[in-house]
Amino acid sequence: MRSTLRAVIGRAGVRKPVNRSFERELALLEAMSGRVPDASGMERVRRALGHENNYLVAKAARIVADHGLTEVLPEVRAAYHRFFIDAVNSDPQCWAKNSLVKALVKLECRDADLYLRGLRHTQEEPVWGGQSDTAGALRATCTHALTICEGLSTERLLDILLAPLLDHDKTVRMEAAKAIGVVGGPAAALLLKLRVLLRKEEAEVLGACFSAILGMQDNDRNASIALVADFLDDVEEAAAEAAFALAETHDPAALAALIARRRKGADAWFGSVLDNAIVLTRLPEGLDFLLGIIQKDARQAASALEAISRVHHSAEAIARIETAVQQAQSERVLLAFRQYFPEAAEA
């Protein structure tokens with residue numbers, strides 16, 4: 001807000017003339033939204049990419065990415081490099097660099113040096129009470145982009161990804177975990193396993209590591225499921241991340257781990273997490289288990305019904321749910337059924 005006011009109001013408080021050229025260029029770019037640029041539009045995009053205003057360049061870069069305009073790849077590359085110079089003043093908040101690097105990825109640019117430059121960039125900008133690094137999103141995008149680059153061996157790529165895996169920005173660490181999963185192989189699996197076994201990481205990053213480990217095709221699936229399932233007894237957020245990572249596999253062994261943990265008992269919050277994870281496996285045995293809860297445990301039936309309502313809407317599933325509710329012979333269960341399946345209850 002303050003930077004915007006300074007751009008418009010002089011030191012004496014006198015309003016400066018608005019930059020009509022900038023406004024006109026911005027309006028022309030916004031008018032192109034959703035349309036593939038014609039010849040004059042392409043020229044306008046080129047001109048905008050060469051502009052000194054980072055917001056205008058970001059707008060142009062998004063048009064390039066949206067329509068895959070490979071013709072302007074040289075201009076995108078040049079603009080990207082330009083905004084690393086005096087970066088705090090030329091590109092506050094990394095608006096230009098963030099949009100430009102996404103355009104490079106969309107255009108399938110595989111020049112590792114471009115992404116390495118972004119990966120190594122930090123941008124400390126003044127904020128109330130100190131400084132803040134605004135380049136986290138840039139490093140995150142560059143981290144994942146390196147997995148598509150040519151000329152990098154697996155060993156070299158994993159070596160590069162070590163730094164972002166330890167970055168102070170959580171988003172960068174998450175993207176590093178995903179990227180290591182894409183690289184795959186025994187070394188990548190060991191690196192991610194070491195990271196989670198240290199148990200000194202934020203839950204969302206652990207979740208990215210869990211998903212990456214479980215998604216590796218050349219990994220021992222059962223051993224990976226056992227590793228992640230061990231976190232179902234961890235602190236709440238990490239346990240929830242483990243539950244949903246297991247659910248994403250749609251693997252019977254993962255479902256068995258989730259059911260085993262549910263049977264051990266849990267508070268209302270984590271019980272709901274487990275019920276949702278169980279149903280998200282989309283395996284018939286998961287639905288069978290939740291229907292059993294509805295029939296036999298009126299206290300936890302509402303959680304099971306809510307979870308089922310997020311996934312199962314077929315006539316066959318509704319009929320089975322109605323049967324389970326009837327067998328429960330509980331007013332509490334019936335009220336929960338009416339809450340989560342109002343249309344079926346009224347039929």
Side-chain angles (χ1 to χ4, degrees), residues 80 84 87-88 91 93-94 97-98 100-102 104-105 110-127 129-216 218-219 223-224 227-228 230-231 234-242 244-245 248:
Y80 178 71
F84 283 98
V88 172
D91 188 24
Q93 301 301 311
C94 293
K97 292 189 291 292
N98 283 335
L100 288 163
V101 76
K102 289 176 183 176
L104 289 169
V105 172
R110 299 184 178 183
D111 184 345
D113 289 338
L114 291 171
Y115 304 122
L116 285 170
R117 185 171 193 179
L119 178 61
R120 293 163 180 161
H121 182 68
T122 58
Q123 190 162 313
E124 297 290 337
E125 298 189 29
V127 295
Q131 300 277 315
S132 177
D133 177 18
T134 62
L138 173 66
R139 294 196 300 278
T141 302
C142 290
T143 295
H144 208 82
L146 283 164
T147 62
I148 67 169
C149 291
E150 299 170 343
L152 294 175
S153 66
T154 297
E155 293 76 13
R156 172 66 176 141
L157 187 51
L158 289 176
D159 184 54
I160 291 170
L161 293 174
L162 279 173
L165 188 62
L166 301 174
D167 196 280
H168 65 84
D169 190 301
K170 174 176 65 178
T171 304
V172 182
R173 299 198 301 276
M174 291 173 65
E175 288 303 317
K178 294 174 187 177
I180 291 170
V182 171
V183 175
L190 286 173
L191 186 58
L192 289 173
K193 288 176 182 178
L194 174 62
R195 188 63 182 153
V196 301
L197 288 172
L198 288 173
R199 296 180 185 267
K200 294 180 179 180
E201 185 53 277
E202 294 184 62
E204 290 173 276
V205 183
L206 283 175
C209 291
F210 294 152
S211 294
I213 291 169
L214 292 168
M216 289 185 183
D218 50 359
N219 209 10
S224 297
L227 171 69
V228 176
D230 186 54
F231 282 79
D234 214 284
V235 294
E236 288 184 348
E237 292 82 1
E241 292 288 347
F244 288 119
E248 289 173 355

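Predicted model only: the values in this text are computed from it and were never measured. Hydrogens, waters and symmetry mates are skipped; everything else that's a heavy atom, side chains included, is used.
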Evaluate L227 against K193 for side-chain contact (heavy atoms from CB on, under 4.5 Å), listing each step before the verdict.
CA-CA 8 Å; L227 171 69; K193 288 176 182 178; 3.6 Å; yes
Would you confirm whether [X], through its side chain, and [Y], through its main-chain N or O, come within 3.5 Å as a donor-acceptor pair?
{"X": "S211", "Y": "A208", "answer": "no"}
{"X": "N98", "Y": "L138", "answer": "yes"}
{"X": "D133", "Y": "E124", "answer": "no"}
{"X": "E201", "Y": "V196", "answer": "no"}

Could you give the distance from [atom1] ([X]) to [atom2] ([Y]), rounded to the nearest 0.5 Å?
{"X": "D167", "Y": "L161", "atom1": "CG", "atom2": "CG", "value": "12.0 Å"}
{"X": "R139", "Y": "Q123", "atom1": "CZ", "atom2": "CD", "value": "10.0 Å"}
{"X": "T171", "Y": "M174", "atom1": "OG1", "atom2": "CE", "value": "6.5 Å"}
{"X": "D159", "Y": "R156", "atom1": "CG", "atom2": "CZ", "value": "6.0 Å"}
{"X": "L206", "Y": "K200", "atom1": "CG", "atom2": "NZ", "value": "13.0 Å"}
{"X": "D113", "Y": "C149", "atom1": "CG", "atom2": "SG", "value": "9.0 Å"}

Heavy-atom closest pair, residues [X] and [Y]:
{"X": "C209", "Y": "A177", "result": "SG-CB, 3.8 Å"}
{"X": "L114", "Y": "Y80", "result": "O-OH, 2.8 Å"}
{"X": "G136", "Y": "D169", "result": "CA-OD2, 3.5 Å"}
{"X": "A145", "Y": "V105", "result": "CB-CG2, 3.7 Å"}
{"X": "C142", "Y": "G118", "result": "SG-CA, 3.6 Å"}
{"X": "R199", "Y": "F231", "result": "NH1-CE2, 3.3 Å"}

Is there side-chain contact between [X] and [Y], with heavy atoms separated by less than 4.5 Å?
{"X": "L192", "Y": "M216", "answer": "yes"}
{"X": "P126", "Y": "Q131", "answer": "yes"}
{"X": "H144", "Y": "V182", "answer": "yes"}

So among L158, L191, V172, T143, which one has a side chain to side chain contact (heavy atoms under 4.5 Å, CB included) with L165?
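That would be L191; it is the only one of L158, L191, V172, T143 passing the side chain to side chain contact (heavy atoms under 4.5 Å, CB included) with L165.
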Pair D111-R117, salt bridge (Lys or Arg N to Asp or Glu O under 4.0 Å): steps then yes or no:
CA-CA 11 Å; D111 184 345; R117 185 171 193 179; over 6 Å; no
